[in-house]
Each structure stands twice: as C-alpha cells, then as structure tokens.
Chemist: 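After the structure tokens below, expect a handful of questions from me.
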Amino acid sequence: MRGNVLISRRTCLRGLGVSLSLPLLETMGWADSAKSAAASKPPVRLGFMYMPHGVIPERFWPKDSVGFLTSAPPPILEPLHGVLDQCLLVKGISGVPISPFNGAPHALELSTWLTATLPDSQKRNVVNIAISADQIAANYVGAFTPMPSLELATMPQTHMEHQEGLHEAYYSHCSYRGPRQPMPAEIDPSSVLKRLFQCRETGFGPASKTSYDPLDRSMLDLVLGGAKDLRGKLSRDDQQKLDEYLDSVRAVERRIAAIQARQKESALAKANVAPSNTVAARSVPIEVKIPTGDKRSEYMEVMCDLNVLAFQCDLTRVSTYIGSTPNGVSYPELGFSDEHHSQTHHNNDKVMLDKVTKINAFNVAQFAYMVKKMSSLKEGSGTLLDNCIMMWGSGLEDGNQHTRENLPFIIAGKGGGSLKTGCYLPNIKGNQGDLLGTLLTCAGIPLDRQIGIAQKQLPELVASL
C-alpha cells in the first residue's frame, strides 16, 4: 500500500447522490486491524447454481477418478476444461426420499435442493418446508455486507402444476428465509446492477433511496470518474484490480443495455411502431426477459457477471442462481426448439439423449463461465475463486426415471483453503443435507442443528491441513 494508509472497506465512488461499491482491495476490507495472517484472509463466499431435470449420468460422471483431469472429460463436463483442477466432483449424494409425494418429482427437485427437507404433507397448499442452507449462511454473515444474500433467476417464478396439491412456490424457489418464507429471485439484470450503486456507509444497507436509471451513461461517467483520485492512494496491484473491476462494470452495463434495446425493438415491431433513432438518456428501463429465439447464454452470462461483481466488491457473501425451472424451457440457440423436460423422457432414444447432453453441457458452460472469471481475478495471495465455494447441481439424478440416488454436483473453489479440489470422489456415502452441512462448515458457518435429513459431515471433502 502507499504510505501505509488503510482505506475503509466501506469506501465507494460517488456522484450526484449515488455511489458504486468497490472490490476488496489489499488496502482495505479484511486487512483492517489484522492481528495475524489468519485475520487478514479474505472472506469465504458461498454460491449455488441450479439446473432442473438431472443429467445423462453416463455422459456426466468420469470413468476414471484421476485421468479426467488430464484427458478428455465427459461431454457434459467439457466446458469446465481448464478449471477442473479447481473443482471437486462428488458422486454418491442421495436426495430427499419424496414419499408421500411420489407424484411430485418436479415440485420437489428445486424446493428440497437447499433445504434437504420435504414440505409439510398436512398443509400442501401453503408453503411450509424449512430454512434453506443459503439463508442459514446469510443469517451468520449477512450482517457484514449490504445484502445478506443475492437471489437470481433466469425465469419468472410463476410456474404452476399442482403436483400432489403442492403450493406453486415449490416449483420455482430454492431459497427459504424460514419455513414459510420463500425468497423471491431477481430476473432483471438492470435491477441487480442498480444495487452496485448503493453506498455502504453503515454496512447494513443502502445509504440513499435516490431514484435514478442505472444505465444512464452520464451518471455512470460521473461515478467512475471518482476512481482517478482513489487510484493515487492504492498500490500497483490494487490499481490493477480496480481497473479490472471498473472494466467489468462497464462491460456489464453495455451488455444489459444491449439486451434491453433488443427487447424494446421487439416490442415496437410487434406493435407495428417504427423505432426512433434517438433514445432518451433517462428512459425507463424495460423489463428484461428471454424472448423466443434469443440467446439464453448471453442473458445468463450477464447474471453470472453480476454475481461475480457482487462477490468481488463484498456486497454479499451468499448467492443462489436458478438457471431455469422445471418444464417449459427450450434452448433454440442449440439448434432445436424442443423443451428440456420433454427430451429428458428419452427412453434411450439417441437423438433425444444427444439433445439433453447439449442442454446439460450448455448449463455447465454458464457455471464454467462464472468460475473461470472468478479464477482470473486476484484476491489476497490467490484468486477470488480460491475464496469461494461454488456449487452447481440438480435436484434429480436422471430426468428420465426421476431418480435421486446420485445427484449431480460440481463444487468449484477452495473455500479459503478448506476444500479439496482437482479430484473426483466417486464413492461418497451421504445425502444432500450432509453435503450442504459440510460446505457451510468449510465456509466457517457454525451449525446448531443438522440441515434437513443430514446425519453427518463428509470429511472426504475437506482439505488436509
């Protein structure tokens, strides 16, 4: 650092009543009043990313517990090539037995994923399940960040099917603040970006309720202009980190604006209105959705970028991202319009198997995009990914048979040195509650009770000291 001066972790760039949170720098944050090397370590973040309907098991699980790192990985894991050495694959994690809800596999695949608990069978038409693992973590670390947790989704949480008479929220929510409180997820990237412009004066919430357009170029220019004065107080490494962060904010802002512009053009075309050559600088952002035929990957990558920025500037240390929800989802950019769910009931038809494989690999690719970005960002003596525990998975093993004996999980990041990486553990004996409890313990979250059906910790996942 320059002049041995520490700046506050709550420092942010300001402009006209709004502000932009900063990434954790060596000259701030976790370095404040450090008494030891352990005290100065960056915080551990927890992230969970979901895909419905399971995988094609024989195209997901490696055949070799060692060689998959150095040779070609299974087709579905191919997008992780290059960062598999920073991942942990865990096979043998069973899901919650769903009896007496045997006719509700899709209502339960997401709702049990982070709760490891079945809904109340006596009150099926109301939400009554359990607090989820992410919210257990948020209750412990949320006081240290402006947002206790960040919930993201690609699709509106409105799916209804009424399997076994269960409440509609079970189909599209994985986070529960309490047994009766499903957490809504944000599907509009511009709304998430706006949170980056909330100052952390107290560390417990936004300092200003100023209304503004987060995509206003002049506003962003004024705020980012404050970086010039700040750079003079930073070390060379911190200057580079700040520049990388601001470049990322700029890139995300441009990509969100592009999505919104296409949506507006599409809406005008449907209404037979000619587009204007000029757009008001402070026009109200329109709702961002995935139109038929649009690139889902572009939308998902923007949401992943926002997740990375939120972790990078310590806006939150807990996130969930529901990549898609059961039923009704298609991926036209893969070259076919068949819905994900219909193709999972393939009965070993090769054409359908190939389509599901492509869908699985597509979703893993979005996770890989986020993980690779985290691995490229320096933090402390390592990378942002080194200080994260990122879990990707599904609440079903195989969508064809709705099996739950070997749920697919990929865990990326070292959790600050607490987790093994670069290996495949094919013979773990445990359930999803055991896995969730172990990950939270590795993240430093104390547990006063087991999570759902959990019975034990899984020491095989823990790094040797």
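One is the number of the first residue; the rest follow in order along the sequence.
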Chemist: Tell me if a side-chain donor or acceptor on Gln135 pairs with a main-chain N or O of Gly178 at a distance below 3.5 Å.
Modeler: no
Chemist: Throw together a table of side-chain donor-acceptor distances under 3.5 angstrom for residues 456-463, partners on residues two or more places apart or in other chains.
Modeler:
{"residue": "Lys456", "atom": "NZ", "partner": "Lys429", "partner atom": "O", "Å": "2.6"}
{"residue": "Gln457", "atom": "OE1", "partner": "Thr441", "partner atom": "OG1", "Å": "3.2"}
{"residue": "Gln457", "atom": "NE2", "partner": "Gly437", "partner atom": "O", "Å": "3.3"}
{"residue": "Gln457", "atom": "NE2", "partner": "Thr441", "partner atom": "OG1", "Å": "3.2"}

Chemist: For residues Asp434 and Gln455, report the shortest heavy-atom separation together with the two atoms involved.
Modeler: OD1-N, 2.6 Å
Chemist: Between Asn431 and Val96, is there a side-chain heavy-atom distance shorter than 4.5 Å?
Modeler: no
Chemist: If you measure only the distance, is there a donor-acceptor pair under 3.5 Å linking the side chains of Asn307 and Ser319?
Modeler: yes
Chemist: Calculate, to the nearest 0.5 Å, the distance between atoms NZ and CG belonging to Lys378 and Asp238 respectively.
Modeler: 8.0 Å
Chemist: What pairs with Tyr50 under ring-ring contact (aromatic ring centres under 6.0 Å, His included), at least two apart in sequence or on another chain?
Modeler: Trp113
Chemist: Measure the shortest side-chain to side-chain distance between Val192 and Leu152 over non-hydrogen atoms and say whether it is less than 4.5 angstrom.
Modeler: yes
Chemist: Kindly indicate, with the supporting measurements, whether the criterion side-chain contact (heavy atoms from CB on, under 4.5 Å) is fulfilled by Gln366 and Glu301.
Modeler: CA-CA 6 Å; Gln366 312 318 308; Glu301 286 174 3; 3.6 Å; yes
Chemist: At what distance, to the nearest 0.5 angstrom, does CG of Leu89 lie from CH2 of Trp392?
Modeler: 10.0 Å
Chemist: Do Phe48 and Leu436 touch side chain to side chain, with heavy atoms closer than 4.5 Å?
Modeler: yes
Chemist: Starting at OG of Ser111, measure out to CG of Leu108 and round the result to the nearest 0.5 Å.
Modeler: 4.5 Å
Chemist: Set out, in order, the CA-CA distance, both residues' side-chain angles and the distance that settles side chain to side chain donor-acceptor pair (under 3.5 Å) for Arg45 and Thr145, then state yes or no.
Modeler: CA-CA 11 Å; Arg45 292 79 147 191; Thr145 57; over 6 Å; no
Chemist: Please state whether the rings of His53 and His106 are parallel, tilted or perpendicular, taking 30° and 60° as the class boundaries.
Modeler: perpendicular
Chemist: Looking at side-chain heavy atoms only, is the closest gap between Arg317 and Asp314 below 4.5 Å?
Modeler: yes
Chemist: So which heavy atom on His341 is nearest to which on Thr344, and how close?
Modeler: O-OG1, 2.6 Å
Chemist: Quick one: does Leu419's side chain get under 4.5 Å of Leu439's, heavy atoms only?
Modeler: yes
Chemist: Can you spot which of Thr115, Ile131, Ile136 makes a side chain to side chain contact (heavy atoms under 4.5 Å, CB included) with Ile451?
Modeler: Ile136
Chemist: When you compare the side chain of Leu396 with that of Pro52, does any pair of heavy atoms fall below 4.5 Å?
Modeler: no
Chemist: Calculate, to the nearest 0.5 Å, the distance between atoms CE and CZ belonging to Met370 and Phe311 respectively.
Modeler: 8.0 Å
Chemist: Kindly check if the number of other-residue, nucleotide or ligand heavy atoms within 6.0 Å of OH (Tyr369) is above 12?
Modeler: yes
Chemist: Crowded around Arg177 CZ? As in, over 12 foreign heavy atoms under 6.0 Å?
Modeler: no
Chemist: Stepwise, does the side-chain contact (heavy atoms from CB on, under 4.5 Å) test hold for Leu435 with Ile411?
Modeler: CA-CA 11 Å; Leu435 175 63; Ile411 301 162; 3.9 Å; yes
Chemist: Show the numbers, then the answer: is there a side-chain contact (heavy atoms from CB on, under 4.5 Å) between Ser394 and Phe60?
Modeler: CA-CA 12 Å; Ser394 183; Phe60 177 84; over 6 Å; no
Chemist: Which atom pair, heavy atoms only, marks the closest approach of Val308 to Lys373?
Modeler: CG1-CG, 4.1 Å
Chemist: Is there a side-chain contact between Val141 and Val44, using heavy atoms and a 4.5 Å cut-off?
Modeler: no
Chemist: Counting distance only, does the side-chain N/O of Tyr171 pair as donor-acceptor with the main-chain N or O of Gln163 below 3.5 Å?
Modeler: yes
Chemist: Strictly distance-based, threshold 3.5 Å: is any side-chain N or O of Ser132 a donor or acceptor partner for the main-chain N or O of Leu114?
Modeler: no
Chemist: Would you sort out whether Glu333 and Arg296 count as a salt bridge (Lys or Arg N to Asp or Glu O under 4.0 Å), showing the intermediate values?
Modeler: CA-CA 8 Å; Glu333 68 184 282; Arg296 183 174 295 274; over 6 Å; no
Chemist: Taking Gln86 for its side chain and Ala412 for its backbone only, find out whether a donor-acceptor pair lies under 3.5 Å.
Modeler: no
Chemist: Output, in order, the C-alpha distance, side-chain angles, deciding distance and verdict of side chain to side chain donor-acceptor pair (under 3.5 Å) for Tyr170 and Thr112.
Modeler: CA-CA 9 Å; Tyr170 291 130; Thr112 64; over 6 Å; no
Chemist: Could you tell me whether the side chain of Ile322 reaches within less than 4.5 Å of the side chain of Cys174, counting heavy atoms only?
Modeler: yes
Chemist: Supply the atom-to-atom distance Met51 CE to Asn360 CG, rounded to the nearest 0.5 angstrom.
Modeler: 4.0 Å
Chemist: State, to 0.1 Å, how close Val127 and Pro179 come at their nearest heavy-atom pair, and which atoms those are.
Modeler: CG1-O, 3.5 Å
Chemist: Distance check, rounded to the nearest 0.5 Å: Lys41 atom NZ versus Glu379 atom CD?
Modeler: 11.5 Å
Chemist: Apply the test side-chain contact (heavy atoms from CB on, under 4.5 Å) to residues Thr383 and Ser376: give CA-CA distance (whole Å), side-chain angles for both, the deciding distance (0.1 Å), then the verdict.
Modeler: CA-CA 7 Å; Thr383 67; Ser376 72; over 6 Å; no
Chemist: If every non-hydrogen atom of Asp134 is compared with every non-hydrogen atom of Ser175, which pair is closest and at what distance?
Modeler: OD2-OG, 2.6 Å
Chemist: For the residue pair Glu151 and Pro184, what are the closest heavy atoms and their distance?
Modeler: CB-O, 3.7 Å
